[in-house]
Each structure stands twice: as C-alpha cells, then as structure tokens.
Amino acid sequence: MSQDAGSPNQYQPRSFESRHQARWEEAGLHRAVGPGSGKPKYYVLDMFPYPSGSGLHVGHALGYVGTDIVARKKRMEGYDVLHPMGWDAFGLPAEQYAIQTGRHPRQTTDENTANFRRQLKNIGLSYDWSREVDTSHEGYYKHTQKLFKTLHERGLAYRAEVPVWWCEELKTVLANEEVINGRSERGNHPCVRRPLKQWMLKITAYADRLLADLDGLDWPESIKIQQREWIGRSEGASIRFRLEAGGEVEVYTTRPDTLWGATFMVLAPEHPLVERIVTAAQRGAVEAYAAAARSKSELERTELSKEKTGVFTGAHALNPLLDPADPLARIPVWIADYVLWGYGTGAIMAVPGHDERDFEFARKHGLAVREVVRPPQGEKGLADGACFSGEGVAVASGPLDGLATPAAKARAIALLEERGVGAKKTTYKLRDWLFSRQRYWGEPFPLLHLEDGTVVPLPDDALPVLLPAMDDFKPSPDGSAPLARAKDWVETRDPRTGAKARRDTDTMPGWAGSCWYWLRFMDAANDQQPFSKEAESYWGPVDLYVGGASHAVMHLLYARFWHKVFFDAGLVHTKEPFQKLFNQGMVTAFAYEDESGRLVASDEVEAKGDGFARKGSGEGLFQIVTKMAKSLKNVVNPDDIIEEYGCDAFRLYEMFMGPLADSKPWNPRDIPGCRRFLERLWRVFVDEKAEEPVRTHLLADAAGEPQGESLALEKALAKTLARVEESFTHFNFNVAVAAFMTFVNEATKAPQALTRSQGRRLLAALSPFAPHVAEELWQRMRCEGLCAAEPWPRADPRHAIDDEIDLPVQVNGKLRATPKAPKD
RNA sequence: GGGGGAAUGGCGGAAUCGGCAGACGCAUCGGACUUAAAAUCCGAAGCCUUCGAUGGCGUGGGGGUUCGAGCCCCCCUUCCCCCACCA
C-alpha cells in the first residue's frame with residue numbers, strides 16, 4: 001500500500017477530505033430548503049441510532065452510505081433533499097450504559113452522541129446537521145409530551161391495572177415486544193408476570209387500519225407479512241358455556257363449526273374462574289399445578305411444553321347447542337398451561353379431532369376424540385389415526401351436517417346468536433401498548449395526579465415537564481420508580497388552580513421519541529410546535545426509509561400508529577409515514593473455529609496457505625461467517641478503515657461488498673482493491689511524475705466530436721453511466737462501483753484520450769459514491785463550482801448501444817462456435 | 001412447528017425478457033520495469049482431458065417444461081434471519 005506521503009501529485013485522500021467537507025458545508029450544499037424552494041422535494045431517512053458507548057460500526061455505516069449516495073444523487077438531479085440525522089437517546093440502552101459506567105446518562109449520552117457525530121462526519125455523509133435532533137433534549141421531549149397529550153385527549157392513553165412483564169434485574173416493566181421467551185430483549189434477564197397500574201396506549205383501536213393500510217405501501221413483502229402476523233387478526237366466535245356448578249365460561253374459537261366435537265374444555269391456570277369451580281377432590285392437584293405454572297419462567301413453560309401437561313378441575317360445562325340431557329353435552333373442564341391467559345378469553349373449547357394441540361392433550365390424558373369434520377379426498381383424518389385441522393365437510397354435527405367448513409362456521413354462528421349464547425368475534429394478537437416504565441432516563445408524563453384521584457394533563461405552556469436532576473437514578477430495590485425519590489419534584493401544584501398535585505413518576509418507553517422524529521426533522525427549529533403544518537405538507541411523507549429488518553414490528557408499528565393518530569387529529573396529511581421502506585442487509589464477519597467447532601477470536605488467527613491456522617500452534621482452523629461480536633474481536637470501526645485507506649475507499653468498499661439488501665461478510669482483505677481503484681482513477685487525471693496538478697489536456701475542451709480512442713472512451717462512459725443509473729433501482733451499488741472500475745481500466749490504457757468533457761461527467765457520476773476524490777479532481781481541473789452540485793450526468797443514448805456484437809451460434813441448443821469479431 | 005431469504009470458481013460477488021455463465025474485485029501464477037524489493041503496468045486463470053487448439057463436464061442434489069434453464073415448474077438437502085402452544 002502506498003503511503004500518504006511524498007509528492008503532492010500522489011493520491012493522498014486524507015490531505016483533502018476535510019477540506020472538501022468544509023467547502024460543502026460552507027456552500028450549504030446539504031441544507032434542505034423546505035417550503036418555497038421551487039424544487040420537487042425528496043425525503044430520504046435513516047433509522048436514527050441509539051448512541052451507544054461502543055460507537056458506530058461498519059454495519060451501521062452500510063445503510064448510511066447507501067442513503068447518502070441516494071441523497072447526493074437526488075440533489076444533483078435538482079431535488080430539494082431532506083437527509084437528516086439524530087439520536088434516539090432516551091431509553092434502556094442509554095440508561096444501562098450510564099449505570100455500568102457509574103455516570104449520569106446526560107453526560108454519557110452527550111459524549112456518545114459527540115462520538116457518533118464525529119464518526120458520521122468522518123464518513124463524509126451529507127446530512128443536514130442544522131436539523132440534528134436528540135430525543136433526550138428538553139427542546140425535543142417537550143414536543144413528545146405534547147403529542148402524548150394528543151393521544152390522551154383522543155382517549156388513546158389510559159391507566160390500567162394489568163398483568164405486566166416485570167424484569168427483576170432491570171427493575172422495570174417491559175412491553176410484550178421487549179420480552180422474548182420470558183426474558184428481556186435487552187440483557188436476556190428473566191421476567192415474570194405481575195399486576196401493576198400502568199399507562200397503556202390503545203393501539204388495538206387502530207389494528208384494522210394498521211393492517212389494511214399495509215397494502216398500499218412500497219415495503220418489502222416480508223416486513224408486511226411480519227406486521228400482519230404480529231397484528232394477528234383472526235375471525236371466529238365467542239361462545240358461552242354454562243357450568244354445571246353455576247355461572248358460565250366464555251371461550252374464543254376460530255372454528256365454531258367444530259362445536260359438536262368439543263369433548264373437553266381448558267382454562268389457563270391463571271383464569272380467575274378456576275378458584276371457584278374446582279371440586280374439593282381436585283383442589284390440591286389444581287392449586288399445585290397453578291402454583292408451579294406461576295413460578296416457572298415463561299421460558300421453562302414453553303420449553304417444557306413439548307409435553308402437554310394439565311390437571312382436571314372436577315368441574316363440568318354444558319355444550320350450549322346440545323340438549324343438556326344429551327350425554328355428549330357434558331364436558332370436563334381442565335386447566336393446562338398451553339392455554340394462554342393473555343390471548344382470547346384465556347379459555348378454550350377443546351376439539352381434539354381437529355386441533356393438533358388438543359389432540360395431543362387428549363391422547364396424553366385419555367380424553368374422548370370425536371370426528372366432526374370429514375377431510376377432503378386424499379387427506380388423512382381420524383380414520384388414519386391423525387388429527388385433521390383443515391377444512392372439510394361437517395359430520396355428526398346435527399344442523400351443520402353436510403356443510404362445507406366456511407358455511408358450517410356461518411351456520412354455527414347464526415345458531416349461537418339465535419340462542420344468545422355466543423357471537424361472531426374478531427380477535428387480535430396485538431394488545432394495547434404498555435407505555436410506562438419505572439425508569440429515570442425517559443420522558444416524564446405531562447400529567448398531574450390530583451388529590452381527588454383524577455388525572456389531568458398539564459397545559460402546553462407548562463411543558464416541558466423536565467426530568468429532575470438526580471444523582472442516583474438507579475432503579476429502587478423495591479421496584480418503585482427512581483423519580484418517586486425526587487420528592488420536591490413529585491409534590492407540586494396545578495398551575496391553573498394552585499391545587500396540590502403529584503407528578504407521575506413513570507417515564508415513557510424508549511420508543512416514544514422515535515414515534516415522530518421523522519416529523520421533527522421537517523421543522524427541527526420550531527420551538528412552538530412539534531412541526532408546522534406547512535413543513536409537514538411540504539416534506540411528508542418520507543420517500544425512502546432505510547434501516548435494519550430488526551425493526552420490522554416494534555418501531556415500524558408504533559410509528560405507524562402515532563402517525564395515524566396525528567392524521568386523525570389533522571396534524572399530518574398522509575395516512576402513512578414511510579412510503580418506501582428498504583432493509584439493508586446485515587454485515588457479518590468471518591470467524592474461525594477449530595476441529596471441535598469452538599470459535600477462535602480473530603486476533604489469534606493467521607492465514608496459512610489456502611487456509612487458516614491458530615497463531616503459535618499452527619493448528620488448522622475453518623473459516624465461517626457469523627454476526628460481528630465483541631467476543632470474537634471481529635467488530636470493525638469505520639474510523640480505523642478510513643484512517644488507513646481514506647474515506648472514499650471505505651465508502652466504496654461498503655457498497656462494493658454486494659447488493660445493499662444482502663447480508664454479507666466484511667473482508668478486510670478486499671478493501672485495498674477499492675483503494676487501488678481510486679489510485680488508478682487518480683492517475684488517469686494526474687501525472688504523478690509531472691509538476692502540474694492535473695494532466696494539461698484536461699484543462700481545455702477538445703475540439704469536435706471524439707475520435708478514435710476518445711470515441712471508444714465515450715462509448716465506455718455511456719455504458720458506465722447507464723449501469724450506474726440502473727444500480728439505483730435495486731440499490732445494488734456494487735454493480736455501479738464495478739462499472740466505474742471497468743471504465744477506469746479502459747481509460748488507464750489511454751489517459752491522454754480522456755477528454756475534459758468525459759472527465760467531468762465521470763467525476764460527477766462518481767461524486768455520490770466517492771465524493772472527496774471527485775471534488776478534488778474537479779478542482780484540479782479548474783471546473784467551476786462544486787462537483788457535488790453538478791447536474792447528474794445521463795448516458796448519451798447514441799453511444800450506449802454497441803454497434804458491433806458477437807453473435808453466438810447454437811446447434812441443437814449447444815453452443816457450437818463463437819466467431820471472434822476482429823478487434824480493431 | 002410457521003414465515004421470510006439464500007445456495008454460482010480458492011473467496012466476495014456479476015449475468016435486462018429464458019439466449020456466449022463467472023463482469024468487477026480479492027487471493028494466486030507469469031511477464032515488463034528495477035541492482036533488488038515494494039509500487040506500477042501488461043497478461044493467465046471454472047474443473048477434467050490435452051504439448052496445444054479441439055473435446056468433455058459445470059450455477060447445492062434429483063426430476064420436468066423448452067430449440068435453449070443459474071433464471072420457469074415439482075421434489076429434496078443445507079445455511080441465515082424472524083416468529084413460535086395465538087385456540
């Protein structure tokens with residue numbers, strides 16, 4: 001690798017990168033103008049990061065470089081481009097980092113954002129930094145509080161005593177989405193269910209619209225499917241079963257047509273009826289089972305559930321559509337932990353003939369199985385000893401007999417409604433969003449609890465409700481919120497009446513700030529409102545939103561929910577916030593494992609011949625691809641790469657690795673190839689041995705149409721520009737970089753044939769990808785203005801088509817001879 | 001178990017519509033330049049066979065459609081990601 005030293009005519013990227021960055025900034029090149037610009041608008045947004053202590057890695061940078069290329073090209077095409085960046089700084093990650101380091105989150109957050117900002121600028125990303133936002137700054141969360149009030153006013157925020165996920169380790173409640181297999185998403189700590197009075201947001205009121213409006217979005221189908229799955233709409237019926245001992249129990253089913261096949265009933269162990277209906281003989285067993293289910297973590301419960309356990313309560317229920325005298329009408333009631341208290345009614349009618357889980361349970365406990373749906377020809381059913389859960393024809397079901405499943409469902413519902421024992425019902429997996437946390441580092445709620453127990457929102461002019469300064473912001477051991485300890489802050493008065501009041505000591509979850517940040521970017525300096533109508537009607541919606549697929553449900557669902565509420569409140573003019581969504585792939589890394597499959601940290605590995613070996617011992621190792629991980633020492637910091645190879649080489653490599661959407665491994669050995677390309681490009685423009693800053697023939701326009709080698713370059717350039725243009729359709733910028741390489745290889749053979757006009761167009765097209773070197777050569781060519789502000793060059797259609805092609809000859813589909821066209 | 005994505009040289013990856021598989025880069029080998037090395041430039045290179053052209057085989061495996069399949073259809077294998085007892 002050549003050193004960044006020696007003659008000023010060598011390619012030394014570090015010597016000019018910051019200079020051109022300063023020129024862009026001075027020219028206001030990256031400033032989004034806004035209403036009245038006289039240009040079409042384009043809003044390209046990155047998912048803003050948590051400013052974590054470990055800084056930015058090359059995986060973040062992948063998406064950021066991709067959007068930067070789009071933003072830069074759109075500017076050159078004459079758009080008023082909004083390309084902003086900010087910090088999702090509130091929430092658990094920031095707080096935990098602060099706790100780990102024993103310092104105040106304000107301080108660590110500021111340090112981390114400063115580091116992120118420096119790293120992003122180092123990459124030469126063209127953000128409009130005048131619009132930077134930080135969700136943890138009072139100027140931002142003042143508006144988050146205001147918008148929460150909008151939800152509150154519209155009846156979408158309510159307090160409820162709900163069984164919530166409680167994490168003992170984190171001392172806080174978590175949302176359903178933040179708990180995976182009974183463990184916290186962050187930190188993987190065990191969580192348990194516990195009743196607590198909490199703020200809830202009524203996202204379920206928007207379930208149908210969140211589902212329906214997915215259809216019109218230009219989003220990856222996989223993300224839409226995940227959202228649909230998460231919302232989990234299912235249509236069926238609720239049915240009330242009378243209990244022999246008095247009272248009734250309500251179940252939810254998607255298959256009311258199988259009611260005649262219900263041979264038992266199962267309640268979740270937590271179901272409140274259990275206590276009342278259990279018979280004396282069964283009480284001991286039932287209580288032991290319920291207690292065991294409670295004490296088990298959700299993880300154990302799901303792990304052990306491969307075997308379906310459960311206990312008979314001793315109680316019986318009556319099938320509401322059968323004559324009570326019919327012996328089939330009387331069915332036993334069990335409890336089992338495969339029935340979830342949190343879904344439907346927490347109780348089911350079990351139809352073992354036509355539900356896999358019920359089938360398994362019935363077999364294990366010797367319960368009756370009855371066939372009430374005959375499978376279509378060729379499908380296995382009870383006659384073959386298998387459970388059939390598909391659609392067929394109803395049998396042994398009285399009035400339903402002979403009906404196909406859809407008709408049988410409708411008939412069953414009609415019968416239930418006629419007799420007043422059930423109704424058609426739509427159920428969602430989606431639950432209301434648990435919106436409070438017993439944490440310090442979040443937005444305080446803009447509300448007061450009055451002495452009479454009422455809750456009143458604060459007026460706008462009393463906002464923000466500032467987070468009180470606290471030295472000890474760690475969670476209290478008893479689980480109460482840290483803010484409860486700020487007595488002077490909690491005890492206050494209603495500014496309107498002077499009545500004594502208490503502040504709410506919970507804070508909002510980390511997602512709150514990210515539920516509207518794309519709107520704030522439109523009007524980031526607005527002190528009075530979160531954003532003006534004028535700015536929103538100009539910039540909205542986001543034209544291109546790029547980020548990782550890991551936000552498929554949580555952030556993207558919450559953000560859509562808030563946006564729809566804003567739409568209903570007349571604050572925004574579109575139903576959806578993000579018109580086009582694109583997920584960049586994951587940057588993985590090579591890792592190494594030994595014979596036994598144990599992973600070896602990459603700093604203990606060296607190349608050996610074709611393979612790899614452990615340093616020292618020389619033991620042979622296998623190369624595999626994994627996620628980047630600190631423990632494997634294969635996390636890469638962009639700073640290091642940029643320091644060694646320059647910013648443009650870093651950007652090009654990020655794109656050259658493969659299509660933006662693909663997951664692909666980071667391979668440091670490939671980076672020099674991108675650097676070498678830039679050096680070769682440089683030498684096409686600059687004679688390193690000469691004194692002049694640029695080849696002198698590039699300083700003047702060539703006369704007439706290009707001839708000879710110049711004409712060949714003209715054709716090559718047209719082809720390059722066409723391929724570059726095309727790469728923007730699917731964000732496969734690797735092909736664009738390859739096209740530039742191919743052109744430069746051509747031009748290297750005859751640098752004197754490259755005309756000034758060709759050089760200008762090449763640099764302009766390269767500018768979004770490798771903006772610094774393009775700008776430097778532009779300046780050396782004494783071109784007017786900034787390369788980055790040049791109109792985007794289009795392929796000349798006269799030259800984009802080959803005027804000579806090789807025609808392959810096939811005989812019987814086999815290639816027989818390729819006539820070699822004479823090379824002139 | 002369900003859903004999504006993927007599989008092409010030693011490696012990362014190219015290949016509008018079904019039409020010359022392997023662009024571009026890495027690693028490798030050869031040559032030029034050099035006292036030498038680095039850098040640079042020029043060139044070779046899928047695999048098998050062959051002195052060489054020719055020839056044969058080749059896009060995870062098996063079948064199919066077609067004049068022609070990396071690409072379309074059916075079956076299978078492996079890997080990655082997400083969800084997972086949702087009645």
Side-chain angles (χ1 to χ4, degrees), chain A residues 1-3 10 180-181 220-226 228-230 232-234 236 251-255 258 266 268 301-302 305-306 308 336-340 342-351 354-358 360-361 389 427-431 548-550 552-553 583 585-586 588 590 607 609-611 623-627 652-653 656-659 661-674 676-677 679-680 683 688 722-723 726 729 732 734-745 748-749 805-819:
Chain A
M1 184 53 49
S2 68
Q3 299 297 305
Q10 282 179 355
I180 294 159
N181 287 336
E221 204 51 41
S222 63
I223 301 284
K224 290 190 189 179
I225 288 168
Q226 282 183 67
R228 283 189 197 112
E229 179 65 20
W230 194 267
R233 182 191 157 99
S234 75
V251 304
Y252 172 74
T253 179
T254 54
R255 292 295 297 269
T258 62
V266 186
R301 212 164 130 166
T302 44
S305 66
K306 279 157 198 156
K308 291 231 169 350
D337 64 7
Y338 81 92
V339 173
L340 308 175
Y343 181 77
T345 60
I348 63 161
M349 63 174 207
V351 185
H354 306 288
D355 182 281
E356 294 284 354
R357 297 152 300 184
D358 299 345
E360 202 186 315
F361 191 82
S389 56
T427 297
Y428 300 91
K429 288 186 207 172
L430 184 72
R431 333 258 174 96
S550 55
V553 277
N583 294 125
M586 203 174 26
T588 52
F590 288 123
D610 277 351
Q623 190 182 54
I624 58 161
V625 171
T626 60
K627 277 186 183 176
L652 285 182
Y653 176 63
F656 191 56
M657 290 168 75
D662 287 11
S663 160
K664 58 240 161 192
W666 183 265
N667 189 357
R669 297 220 287 185
D670 285 341
I671 304 168
C674 290
R676 278 200 280 267
F677 157 68
E679 290 170 352
R680 221 173 306 134
R683 286 192 299 268
E688 293 180 308
R723 290 179 74 189
E726 203 190 318
T729 315
N732 51 344
N734 54 324
V735 178
V737 177
F740 284 123
M741 287 173 167
T742 306
F743 180 81
V744 166
N745 288 345
T748 294
K749 290 172 187 156
I805 55 158
D806 292 341
L807 191 67
V809 177
Q810 287 181 0
V811 179
N812 292 332
K814 289 215 165 216
L815 186 69
R816 272 308 156 211
T818 305

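The sequence lines fix the lettering, A, B, ..., with proteins before strands; numbering per chain opens at 1.
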- [ ] Taking atom P in both B/rA38 and B/rU28, compute the distance separating them and give it to the nearest angstrom.
- [x] 12 Å
TODO: Write down the distance separating the P atoms in B/rC24 and B/rC41, rounded off to the nearest Å.
DONE: 15 Å
Task: B/rC41 OP1/OP2 closer than 4.0 Å to side-chain N/O of A/Thr748 - done: no
- [ ] Give one of base, sugar-phosphate or nothing for A/Lys664, where a contact means two heavy atoms less than 4.0 Å apart.
- [x] sugar-phosphate
Open item on the list: Suppose you measure atom C1' in B/rC73 against the same atom in B/rC79; what distance do you get, rounded to whole Å?
Closed with: 24 Å
- [ ] Classify the angle between the aromatic ring planes of A/Tyr343 and A/Tyr252 as parallel (below 30°), tilted (30 to 60°) or perpendicular (above 60°).
- [x] perpendicular
Open item on the list: Heavy atoms from C-beta onward define the side chain here; which of B/rA87, B/rA23, B/rC26 lies closest to that of A/Arg669?
Closed with: B/rC26
- [ ] Tell me whether the OP1 or OP2 atom of B/rG25 has a side-chain N or O from A/Asn734 closer than 4.0 Å.
- [x] no
Task: Anti versus syn assignment for B/rC24, with syn defined as within 90° of 0 - done: anti
Open item on the list: Looking at A/Arg680, I'd like to know whether one of its side-chain N or O atoms comes within less than 4.0 Å of OP1 or OP2 on B/rG25.
Closed with: yes
Task: Phosphate OP1/OP2 of B/rA27: any A/Arg676 side-chain N/O under 4.0 Å - done: yes
Open item on the list: Side-chain N or O of A/Tyr343 versus OP1/OP2 of B/rA87: is the shortest distance under 4.0 Å?
Closed with: yes
Open item on the list: Output the pairing pattern of RNA chain B as a dot-bracket string, 5' first, Watson-Crick or G-U wobble with both distances under 3.5 Å, | for cross-strand pairs, [ ] for crossing pairs.
Closed with: (((((((..(((......[....))).(((((.......))))).(((......)))..(((((..]....))))))))))))....
- [ ] Quote, to the nearest angstrom, the P distance that separates B/rU77 from B/rG61.
- [x] 15 Å
Open item on the list: What's the gap between B/rU40 and B/rU34 when it is taken at their C1' atoms, as a whole Å value?
Closed with: 11 Å
Task: Pairing residues for A/Arg228 by the salt bridge (Lys or Arg N to Asp or Glu O under 4.0 Å) criterion, not counting sequence neighbours - done: A/Asp215, A/Glu221
Task: Separation of the P atoms in B/rG19 and B/rG2, to the nearest angstrom - done: 34 Å
TODO: Specify the glycosidic conformation (syn or anti) of B/rG9, with syn defined as within 90° of 0.
DONE: syn
Open item on the list: Measure CD/A/Glu221 against P/B/rG5 and give the value in whole Å, please.
Closed with: 9 Å
- [ ] With heavy atoms under 4.0 Å as the rule, sort A/Gln226 into base, sugar-phosphate or nothing.
- [x] sugar-phosphate
